[in-house]
Amino acid sequence: MMKLSWVWIVIAIAFLQLVTGFLDFNETELSLIEAYDYGVSKLNYNPLMVGLTLIASASAKGAVCLDGTLPGYHWHRGYGSGANNWLIHLEGGGWCNNVRTCVYRKKTRRGSSTYMEKQIPFTGILSDKADQNPDFFNWNRVKVRYCDGASFTGDTENKAAKLQFRGQRIWLAATEDLMSRGMRNAKQALLSGCSAGGLASILHCDEFRNMFPRTSKVKCLSDAGLFLDAVDVSGGRTLRSLYNGVVGLQGVQHNLPRICTIHRDPTSCFFPQNLISNIRTPLFILNTAYDSWQIQSSIAPPSADPHGYWHECRLNHAKCSASQMRFLQGFRIEMLNVIKGFSQSRENGLFINSCFAHCQTERQDTWFAANSPEIRNKAIAIAVGDWYFDRAGVKVIDCPYPCDKSCHNLVFK
């Protein structure tokens, strides 16, 4: 089955080679990884398909995608013991940091509901099957589509380029609409997200908590959202440069946590490492220590590697030299240092596995399956469930690569 999934990779690469000249690294590389994710879900399972709901009330609030179209979400209604429980999952998909990349983006599903799939598979944490999603299968499960390019935080416009940067308004319009559809009665709620959506789940975590009465159990989960302000292989800071463009272009600074912006510049406050210790709501951080997206697009992007020394390594960890692996081990150590303060809180959770992957909650094979990744014999779905329901404290950090044999590592060809 894994061999079949590479067909999707090949198709994605062929397509990306056509558009690379028009894209910055962030959109290109993340699209490749997402193509792999959807391929696994479609080939290995017969998932529930859930239709797209456009938010009709959003337009009047100015809550629109980059191109001015309505935002949307996919909702599968909860039942039984989960009828009054809600899981809100924020979609990921990179960022756009200048007019050129945002103009391109608005003609894709990442910037316009016109191009969004009318139905998507609900797998992993969104699955409706108890044997695939033991703790959340019968909850109200919602995937909020991502069409702003700033992790649901911007609020401005560029009239000349006909671009609407309204991520913050989309976030509010989506949650307000869901509140009117029953979420206001939630007894339990979980805000989750993957990649850029994982960053958004951190940025909006306390906001989400404040939408509910204190009697409701509310927590947040960030999957592959721990983007580090790391030095790249050339000694520069590729991701900081990208984030600086996102924050400045999209008016993000006004929607960042004030507890951070009174001490730091807005770009620094877009990095989760400067936010997580001040979040009051219980938060679970799920991340691979060798995040595929960060290796390809932040640590060793082509722009920082003009001679291609890292080309093979960035596509396949097995081809990394000893010195390259030492650099990646340094990145892991930096990640562990970043979460030290965060991990002191009894209410927070951690699952840092030593894999070369990105986003593990949406894929069935990494969320909960016979051979899914584990730390201390505990799969990700069980770890998250134990933490959410207070069955056990969960703060697990894997030993360094290559000790973990349960990983589903991503390899690109």
Side-chain angles (χ1 to χ4, degrees), residues 2-3 5-6 9-10 12-13 16 20 25-26 28-30 32-33 36-37 195 223-242 271-273 285-340 343 350-360 363 365-366 371-376 380 395-413:
M2 288 300 293
K3 287 184 178 179
S5 68
W6 294 119
I9 295 281
V10 172
I13 291 172
L16 291 171
T20 298
F25 63 86
N26 55 302
T28 300
E29 302 297 348
L30 194 64
L32 181 56
I33 290 171
Y36 175 89
D37 292 349
S195 192
D223 176 14
L226 191 60
F227 296 98
L228 301 189
D229 187 6
V231 174
D232 62 39
V233 296
S234 71
R237 291 187 181 270
T238 297
L239 191 54
R240 171 165 281 272
S241 177
L242 170 69
F271 280 99
Q273 67 196 68
I285 290 179
L286 165 64
N287 229 92
T288 54
Y290 313 96
D291 184 275
S292 295
W293 189 92
Q294 293 190 65
I295 290 173
Q296 294 199 9
S297 303
S298 173
I299 300 171
S303 59
D305 181 37
H307 301 296
Y309 175 63
W310 278 79
H311 178 73
E312 293 296 320
C313 173
R314 66 194 290 272
L315 296 178
N316 184 350
H317 63 278
K319 296 184 178 180
C320 295
S321 67
S323 63
Q324 288 171 332
M325 192 54 68
R326 282 194 296 272
F327 192 94
L328 296 180
Q329 297 291 15
F331 176 78
R332 173 183 175 271
I333 292 169
E334 184 176 356
M335 181 178 291
L336 299 187
N337 286 334
V338 158
I339 59 177
K340 276 183 179 177
S343 65
L350 275 175
F351 193 104
I352 308 293
N353 54 339
S354 292
C355 304
F356 290 79
H358 184 74
C359 287
Q360 299 178 97
R363 285 173 45 183
D365 67 317
T366 49
N371 65 339
S372 55
E374 297 180 339
I375 301 179
R376 301 174 196 167
I380 293 168
K395 291 190 178 75
V396 289
I397 297 173
D398 219 347
C399 47
Y401 173 84
C403 71
D404 191 337
K405 306 306 180 186
S406 70
C407 289
H408 290 204
N409 293 315
L410 296 180
V411 176
F412 304 94
K413 296 179 179 179

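Positions are given from 1, in the same order as the sequence printed here.
The two atoms that bring Ala357 and Thr288 nearest to each other are O-OG1, 2.9 Å, heavy atoms only. Of all heavy-atom pairs spanning Ser354 and Cys399, the tightest one is OG-O, 2.6 Å. Residues Arg363 and Leu410 share a closest heavy-atom pair of NH1-CD2, 3.4 Å. Between Leu226 and Pro272 the shortest heavy-atom distance is CA-CG, 3.9 Å. Nearest heavy-atom pair across Cys359 and Ser195 is SG-N, 3.6 Å. Taking all atoms of both residues into account, the shortest heavy-atom contact from Ile299 to Pro301 is C-CD, 3.3 Å.
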* To do: Applying side-chain contact (heavy atoms from CB on, under 4.5 Å), run through Ser372 and Thr366 and close with a yes or a no.
  => CA-CA 5 Å; Ser372 55; Thr366 49; 5.6 Å; no
* Asked: Is there a side-chain contact (heavy atoms from CB on, under 4.5 Å) between Phe327 and Cys320 once you walk through the steps?
  -> CA-CA 10 Å; Phe327 192 94; Cys320 295; over 6 Å; no
* Apply side-chain hydrogen bond (donor to acceptor under 3.5 Å, both in side chains) to Asn353 and Glu374, showing your working. => CA-CA 8 Å; Asn353 54 339; Glu374 297 180 339; over 6 Å; no
* **Residues Ile339, Ile397; criterion side-chain contact (heavy atoms from CB on, under 4.5 Å); working and verdict** => CA-CA 11 Å; Ile339 59 177; Ile397 297 173; 4.2 Å; yes
* Can you check side-chain hydrogen bond (donor to acceptor under 3.5 Å, both in side chains) on Tyr309 and Ser323, steps first, answer last? -> CA-CA 11 Å; Tyr309 175 63; Ser323 63; 3.3 Å; yes
* Decide side-chain contact (heavy atoms from CB on, under 4.5 Å) for Phe331 and Gln294; before the verdict, give the C-alpha distance in whole Å, the side-chain angles of both, and the deciding distance to 0.1 Å. => CA-CA 10 Å; Phe331 176 78; Gln294 293 190 65; 3.4 Å; yes
* To do: Given side-chain hydrogen bond (donor to acceptor under 3.5 Å, both in side chains), test Lys340 with Asn337 step by step and report yes or no.
  => CA-CA 5 Å; Lys340 276 183 179 177; Asn337 286 334; 3.3 Å; yes
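Put simply, the side chain of Ile380 reaches to within 4.5 Å of the side chain of Leu286, judged on heavy atoms. Using a 4.5 Å heavy-atom cutoff, the side chains of Ile285 and Ile352 are in contact. Under the 4.5 Å side-chain criterion, counting only non-hydrogen atoms from C-beta, Pro373 is not in contact with Cys407. Using a 4.5 Å heavy-atom cutoff, the side chains of Asn287 and Phe351 are not in contact. Residues Tyr401 and Met325 meet the side-chain proximity criterion, which asks for heavy atoms closer than 4.5 Å.
Between the side chain of Asp305 and the backbone N or O of Trp310 there is at least one donor-acceptor pair closer than 3.5 Å. Using modelled atom types, no side-chain atom of Arg332 and backbone atom of Ala289 make a donor-acceptor pair closer than 3.5 Å. Within the 3.5 Å criterion, the main-chain N or O of Ala318 finds a donor-acceptor partner in the side chain of Asn316. Checking side-chain atoms of Gln324 against main-chain N and O of Ser321 turns up a donor-acceptor pair under 3.5 Å.
Between the CG atom of Asp291 and the CD atom of Gln360 there is a distance of 9.0 Å, given to the nearest 0.5 Å. To the nearest 0.5 Å, atoms SG (Cys313) and CD1 (Ile295) are separated by 7.0 Å. Within the model, atoms CG of Leu242 and OG of Ser298 stand 9.0 Å from one another, a figure rounded to the nearest 0.5 Å. Atom NE2 of His307 sits about 11.0 Å away from atom OG of Ser234, to the nearest 0.5 Å. Note that the OG atom of Ser406 and the CG atom of Asn371 stand 9.0 Å from one another [nearest 0.5 Å].
At a threshold of 4.0 Å, the pair Asp229-Arg237 counts as salt-bridged, since one of the basic side-chain nitrogens sits closer than that to a carboxylate oxygen.
The distance between the ring centers of Tyr290 and His317 does not fall below 6.0 angstrom. A centroid separation of 6.0 Å or more is found between the aromatic rings of Phe356 and Trp293.
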